[in-house]
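One structure is given here, and the rest of the page talks about it.
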Amino acid sequence: MFLNQKKAQTKYTALNINPKLTMEQRHVLERIFDLITQEYEKEVAEKFVNLIASKY
């Protein structure tokens with residue numbers, strides 16, 4: 001069971017603590033958040049990530 005939980009973890013705490021998201025949804029959002037953080041400055045990226053995470 002612990003191994004399954006480990007696989008479901010992402011580097012974004014907001015995704016990891018949200019019980020409504022499936023593992024697949026977490027990974028899709030993680031990829032989106034990665035793209036945002038690559039394309040925008042840190043402060044702007046954090047705003048986008050937090051806004052999206054808050055809607056789920």
Side-chain angles (χ1 to χ4, degrees):
M1 184 174 218
F2 178 73
L3 292 175
N4 289 339
Q5 288 177 334
K6 185 68 175 165
K7 287 181 185 177
Q9 296 296 305
T10 70
K11 59 184 152 189
Y12 299 97
T13 303
L15 297 178
N16 295 334
I17 63 173
N18 188 334
K20 293 184 267 183
L21 296 173
T22 66
M23 186 170 57
E24 183 178 347
Q25 290 170 323
R26 289 172 206 252
H27 289 297
V28 169
L29 286 169
E30 182 180 33
R31 285 183 284 204
I32 292 168
F33 292 175
D34 286 345
L35 289 172
I36 290 170
T37 57
Q38 290 171 13
E39 294 294 321
Y40 294 94
E41 291 181 24
K42 184 179 179 181
E43 287 182 9
V44 174
E46 286 178 359
K47 287 181 183 180
F48 280 128
V49 167
N50 289 333
L51 174 67
I52 293 168
S54 73
K55 298 300 178 183
Y56 284 92

#### Entry: Distance-minimising heavy-atom pair for Ile17 and Pro19
O-CD, 3.1 Å
### Cluster link Met23 to Phe33, ILVMFWY, side chain under 4.5 Å
no
#### Entry: side-chain contact (heavy atoms from CB on, under 4.5 Å) assessment of Ile52 paired with Tyr12
CA-CA 12 Å; Ile52 293 168; Tyr12 299 97; over 6 Å; no
### Message
Donor-acceptor check, side chain of Glu30 to backbone of Lys11, threshold 3.5 angstrom: yes or no?
### Response
yes
### Query
Nearest 0.5 Å, what's the CD-OG1 distance between Gln25 and Thr10?
12.5 Å
### Query
Which of these passes side-chain contact (heavy atoms from CB on, under 4.5 Å) with Leu29: Leu15, Val49, Asn18, Asp34?
Leu15
## Note on the structure
CZ (Arg26) and NZ (Lys20) are apart, to the nearest 0.5 Å, by 11.5 Å
#### Entry: Exercise: identify the closest heavy-atom pair between Ala45 and Thr37
CB-CA, 3.8 Å
### Task
Given side-chain contact (heavy atoms from CB on, under 4.5 Å), test Leu35 with Arg31 step by step and report yes or no.
CA-CA 6 Å; Leu35 289 172; Arg31 285 183 284 204; 5.7 Å; no
